[in-house]
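Written below as structure tokens is the structure these notes are about.
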There are 2 protein chains.
Amino acid sequence: MNANHDGDRVEAALGRLRELGERITPARQAVLRVIDTADRAEEHLSAEHIGERVATLEPSVHRATVYRTLTALTGAGVLTHVHLGGTGTVYHLATPASEAAPGVSPAAYGTDVSEPHGHGHTHVQCVVCGRVQDAPPGVLDEAARIMRDDLGFELDTSHAALLGRCADCVPT
Amino acid sequence: MNANHDGDRVEAALGRLRELGERITPARQAVLRVIDTADRAEEHLSAEHIGERVATLEPSVHRATVYRTLTALTGAGVLTHVHLGGTGTVYHLATPASEAAPGVSPAAYGTDVSEPHGHGHTHVQCVVCGRVQDAPPGVLDEAARIMRDDLGFELDTSHAALLGRCADCVPT
DNA sequence: CTGCCTGCAAAGGATTTGCACTCAT
DNA sequence: ATGAGTGCAAATCCTTTGCAGGCAG
């Protein structure tokens with residue numbers, strides 16, 4: 001029923017991989033599927049956590065492969081990662097700016113560390129409960145402008161999460 | 001000379017520790033001195049790196065103690081840490097809102113639940129060269145306002161560094 | 001004196017790497 | 001066929017922890 005829908009974005013990612021001459025393997029498909037599912041549930045999975053889910057989905061896939069896959073797919077631009085303060089890094093499908101659904105962080109990340117365009121959602125994490133949520137679009141526009149004008153620094157607004165206290169954890 | 005000046009802030013920190021009933025030990029003094037010196041040089045040291053310097057300054061201090069000290073002193077409020085995206089955490093002396101950086105206003109602070117912050121200003125890190133620099137005061141004011149109004153989320157503007165490309169690394 | 005802080009060493013846990021093999025192309 | 005990807009396992013790396021003793025207060 002919805003396995004097809006879920007597969008849409010995975011398919012797109014696989015397609016892009018093919019275009020790039022990257023190989024489609026069970027491990028990569030599993031990783032993509034896991035992340036896609038998490039994205040839709042607005043979950044934010046770390047490499048380790050992704051590994052766990054992949055293990056249940058495709059037990060033959062080794063943990064090390066998951067790490068290598070995440071690196072490779074991020075390099076290929078089909079995945080994005082967001083650094084959370086202190087609590088590691090989480091991965092997302094790099095949606096081609098199409099269906100910027102709530103909870104998803106699109107970002108066109110080219111190869112490696114060389115992409116100026118970080119036009120995705122900014123994430124914020126609560127230092128008390130650890131919850132990660134999406135910030136309103138454009139929250140960092142002003143900051144980006146200041147940084148650019150002032151220091152010539154090009155901010156990547158979706159690469160690192162901001163920290164603070166969420167509404168539930170703010171002492172009133 | 002300036003060895004005295006260096007000691008000023010360390011002294012202040014030690015004073016606060018005393019007030020809190022915390023003990024003043026060689027290890028703690030060494031850690032504070034190392035961080036104070038780094039701060040003045042605008043360096044951003046990780047726990048590990050601090051450990052190295054402490055080792056040369058006070059060889060008898062064990063690495064494990066450095067970690068425990070950093071945790072303890074941060075808890076006591078005399079140290080602050082900033083999470084850098086992906087590259088760990090760096091420590092600073094928690095300046096009592098006096099002579100932090102040019103133009104930094106004392107952040108209004110509510111609770112102490114998890115972060116007695118302090119370094120007061122936002123950091124930005126270049127994803128290409130790794131350099132960490134201070135952002136202009138107030139860069140995140142607008143973002144903080146939006147987050148508060150929109151989500152009731154209280155942003156901690158100095159707890160995590162923003163990522164991007166510094167002027168030297170931005171592709172022209 | 002007391003017990004907070006430390007030294008030491010060993011455990012821990014996440015990520016990486018060398019190597020040989022396999023499978024996608 | 002052929003080399004990109006993978007499995008496996010060992011190696012790292014940073015950080016934490018248990019315990020006993022030492023020093024600050």
Side-chain angles (χ1 to χ4, degrees), chain A residues 10-11 13-34 44-79 81 83-91 111-112, chain B residues 11 13-34 44-76 78-79 81 83-91:
Chain A
V10 173
E11 270 313 318
L14 292 176
R16 245 177 308 165
L17 281 182
R18 284 202 189 82
E19 292 171 20
L20 294 171
E22 291 286 323
R23 293 188 179 177
I24 312 301
T25 67
R28 294 180 169 195
Q29 296 185 55
V31 167
L32 287 173
R33 210 147 55 234
V34 164
H44 304 269
L45 305 183
S46 65
E48 188 192 359
H49 202 164
I50 291 169
E52 292 174 14
R53 299 206 184 177
V54 167
T56 72
L57 192 70
E58 202 81 68
S60 63
V61 173
H62 196 275
R63 282 202 317 286
T65 299
V66 172
Y67 286 100
R68 281 187 285 220
T69 299
L70 289 172
T71 302
L73 296 191
T74 298
V78 301
L79 288 186
H81 60 250
H83 297 289
L84 302 182
T87 43
T89 303
V90 296
Y91 292 81
T111 0
D112 259 329
Chain B
E11 270 313 318
L14 293 176
R16 246 177 307 165
L17 281 182
R18 283 200 190 83
E19 291 171 20
L20 294 170
E22 290 286 323
R23 293 189 179 175
I24 312 300
T25 66
R28 293 180 172 196
Q29 296 186 53
V31 167
L32 286 173
R33 209 147 54 232
V34 164
H44 305 270
L45 306 183
S46 65
E48 189 191 357
H49 202 165
I50 290 168
E52 291 173 15
R53 299 207 184 175
V54 167
T56 71
L57 190 69
E58 202 81 67
S60 62
V61 173
H62 197 274
R63 280 201 316 286
T65 299
V66 173
Y67 285 100
R68 280 189 287 223
T69 299
L70 290 172
T71 302
L73 297 192
T74 298
V78 302
L79 288 185
H81 59 247
H83 298 289
L84 303 183
T87 43
T89 303
V90 296
Y91 291 81

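Lettering follows sequence order; numbering is per chain, from 1. Not measured: the values here are computed from a predicted model.
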inquiry  = Quick check on D:dT6: is either OP1 or OP2 less than 4.0 Å from any side-chain nitrogen or oxygen of A:Thr69?
reply    = yes

ask   = Got B:Leu57 and B:Val34 here, is their nearest side-chain heavy-atom distance under 4.5 Å?
value = yes

key: Residue mapping more 5' on DNA chain C - nearest nucleotide basis, A:Arg23 or A:Thr89   = A:Thr89

inquiry  = Over all strands shown, is A:Ala64 touching base, sugar-phosphate only, or nothing at heavy-atom distances under 4.0 angstrom?
reply    = base

message = How many whole angstroms separate atom OH of B:Tyr67 from atom C1' of C:dA10?
response = 16 Å

query = Would one find a side-chain N or O of A:Thr25 under 4.0 angstrom from OP1 or OP2 of D:dG5?
reply = no

ask   = D:dG25 P sits how many Å from B:Arg28 CZ, rounded?
value = 10 Å

task = Measure from CG on B:Leu20 to C1' on D:dA24 and round the result to the nearest Å.
result = 16 Å

Whole-Å distance separating the CD1 atom of A:Ile24 from the P atom of C:dC23 = 17 Å

message = We want to know whether A:Thr89 and A:His83 form a side-chain donor-acceptor pair, criterion being a heavy-atom distance below 3.5 angstrom.
response = yes

ask   = Within this structure, what is the CG-to-P distance between B:Leu17 and D:dA24, rounded to whole angstrom?
value = 15 Å

key: Check: B:Arg68 side chain, C:dG7 base, donor-acceptor under 3.5 Å   = yes

ask   = Over how many whole Å does the gap from A:Glu22 atom CD to C:dC23 atom P extend?
value = 20 Å

ask   = Do NZ/NE/NH1/NH2 and the carboxylate oxygens of B:Glu22 and B:Arg16 come within less than 4.0 Å?
value = no

ask   = To the nearest angstrom, how far is B:His49 atom NE2 from D:dC14 atom P?
value = 12 Å

query = For B:Arg63 and B:Ser60, take the nucleotide of DNA chain C holding the closest heavy atom to each; which residue's nucleotide lies nearer the 5' end?
reply = B:Ser60

query = Side chain of B:His62: nearest nucleotide among C:dT6, C:dT15, C:dA9?
reply = C:dA9

Spacing of OH belonging to B:Tyr67 relative to CD belonging to B:Glu48, to within rounding of 0.5 Å = 5.5 Å

request  = Quickly work out the B:Leu73 CG to C:dT6 C1' distance and round it to whole Å.
outcome  = 14 Å

query = When rounded to the nearest 0.5 angstrom, what is the spacing between CD in B:Glu58 and OG1 in B:Thr25?
reply = 9.5 Å

